[in-house]
Amino acid sequence: MSRRQLLRGGATVLAATALTAHSASAAVGPEGTPGPPAGPFEPWRGRPSGDPLLRVIDVTQLGAVGDGRTDDSAAFERAYRLAATQVSGGVGRTVIWIPAGEFLITRPNALMNGVAPLRPANGLRFVGAGKRMTTLVFRPNAGPGSYLCRNEDIWSNVSFERMQFRSATPGASFFSSYSTGQAQDYRFSECEWMGEWEFGLALEGTDTNSEMRWEACRVGGSYRRAFLYSGLTRRGQADANDQDQFLNYWFTDMKVEYEWGNFLEFPYGGSITCRGGSYIITGTRPVSTEEYGVSSTFFRFPVAQHHDSVQRFHAQDIRFEVRNPNVRIIDSEWRSGTIHFSDCDDTGLAFRDFSADVRPHRYSVGPRGPLIRYDSCQLVGRHEYRTDGRQHPLSTVARYDMCLLRSQAVSAFLVADSTDSTDGPDFVSFVDCLDVPRTDDTPTQADPGGPVSTTSPVAPGSPPPAGDAAAPPTPSPPPSAAPAAGG
């Protein structure tokens, strides 16, 4: 750093510490001059404009240009350092304001560099003018291993609002977060990711890295590994499943529409909830890899066992598109926990020639599950269950309740590697489901005219149906005679 830059940075720190109740919500420039008035910040759920504890740093007052050509790395580094100096009593009360523009950043960790000797801090906020109005372009010299942000167990309660992040160096990554209990509580609101990334967020550590929320965000671009990858290394862990309590990830009203790669990949366990939005993978991996082949998966859980109570996944009110046979919605190796799809639909492209035989939902199951349930879903293709060649019966661990099987009759809907029944897997049940009609259009329990059910349509002792008075009451079959899953 030049002597002039050092003097400018020093003046900035002095100016920031001298903020008064009257000027606290104004941006502090390199010479201590106020930036834009506080008014625009008031609708953002910030503090009142006269609050002396709120400090707003405008990166353009620190030298950022935002023309897409000038390297603004130094201005963002100064903004972060200034925010770090304003932590008091372990609490940060700083907003880093990034106005409309395209800001080029070439140095890793320039946006956020949470490392020692800074002590643990609570509260840091990055705010833009709007998604696609404020764009941060990350163009490091090398992609893999380069992160725009890092948090080494320093910051909690960090938020990013109303901005776009774009990788201009293929294989760069957005955020590296290591935690033994401090790095947690991240929030992303109205943000967008574009370009080719290795990771969006890569999490590692022994505990926490949790309570993370995405609201009304768009995940675009492509991912060599995954947008959110939990369990990058076993750093700090003596045992593979030692305290992998990375919990509570919420995705609400998302537009997940990217070219290839995985959306969520969790070698660690987690409690994950996705509600609302559209999820679309538009292409195929350009190069086959040993780990992924050419497949891209929204939800990939590749490790069987985790610490207690950290295997929970719930998807609700989501529209998926399966655009090619290499798209997977879920591929899970979990052997316990719960997986639940409610009111989801992946049949938008069921008219495609390949759709009847795709297997977008794939599971490994064992004696303890996971417990898998589909409620009021419309499903394309077939679902695959792996049991590692298990020959003895399993308890029921999967259930389809009031679902529409768009491509297959129930007898062909499931694909399993082994079963003790000629009718299909004994560990899956169907309740009041509809499947494709038979070619002769004769209504049966497997047709839309007669839902598939594990119970008889006529209870014991009930009167015969109208128009068939001579027919005797139809007794319910014994449990062994009920239509088996897949039969």
Do you know which two heavy atoms are closest between [X] and [Y], and how far apart they sit?
X: S159; Y: R125; result: OG-CG, 3.1 Å
X: S167; Y: E196; result: OG-O, 2.9 Å
X: F341; Y: C344; result: CD2-SG, 4.2 Å
X: H361; Y: D346; result: NE2-OD2, 2.9 Å
X: V397; Y: G366; result: CG1-O, 4.1 Å
X: L148; Y: F138; result: N-CE2, 3.5 Å

Report yes or no: is the cationic atom of R285 (NZ for Lys, CZ for Arg) under 6.0 Å from the centre of the six-membered ring of Y292, at an angle within 45° of the ring normal? yes

Does the cation-pi check pass for R213 over W250, that is, NZ or CZ under 6.0 Å from the six-membered ring centre and within 45° of its axis? yes

Salt-bridge contact [X]-[Y] (side-chain N to carboxylate O under 4.0 Å):
X: R382; Y: D357; result: yes
X: E190; Y: R162; result: no
X: R187; Y: D185; result: no
X: R275; Y: D253; result: no
X: D331; Y: R386; result: yes
X: R300; Y: E291; result: yes

For the side chain of [X] and the backbone of [Y], is there at least one donor-acceptor N/O pair under 3.5 Å apart?
X: Y186; Y: A183; value: no
X: T106; Y: R139; value: no
X: S355; Y: F351; value: no
X: R328; Y: P325; value: yes
X: Q184; Y: G181; value: yes
X: N262; Y: L264; value: no
X: N209; Y: S177; value: yes
X: N109; Y: M112; value: no
X: D72; Y: G66; value: yes
X: S296; Y: W260; value: no

Check: [Y] and [X] side chains under 4.5 Å, non-hydrogen atoms:
X: Y147; Y: P108; result: no
X: Y400; Y: L379; result: yes
X: Y363; Y: I339; result: yes

For the residue pair [Y] / [X], report whether a side-chain donor-acceptor contact shorter than 3.5 Å exists.
X: S222; Y: E259; answer: no
X: S336; Y: Q311; answer: yes
X: S342; Y: D375; answer: no
X: Q182; Y: D153; answer: no

Students often mix this up, so state it plainly: with edges at 30° and 60°, are the rings of [X] and [Y] parallel, tilted or perpendicular?
X: Y80; Y: W155; answer: perpendicular
X: H383; Y: F413; answer: tilted
X: W197; Y: F174; answer: perpendicular
X: F160; Y: F175; answer: perpendicular

Determine, stepwise, if the pair R150 / E152 fulfils salt bridge (charged side-chain N to carboxylate O under 4.0 Å, His left out). CA-CA 6 Å; R150 68 173 169 176; E152 294 281 319; 5.4 Å; no

Would you mind telling me which of F251, Y258, F298 makes a ring-ring contact (aromatic ring centres under 6.0 Å, His included) with Y279? F298

W193, F103, F227 screened by ring-ring contact (aromatic ring centres under 6.0 Å, His included) with F165, the one that passes: W193

Run the salt bridge (charged side-chain N to carboxylate O under 4.0 Å, His left out) check on R166 and E102 step by step: do they pass? CA-CA 10 Å; R166 187 166 80 240; E102 185 172 294; 3.5 Å; yes

If the condition is side chain to side chain donor-acceptor pair (under 3.5 Å), which residues does S407 pass it with, not counting sequence neighbours? none

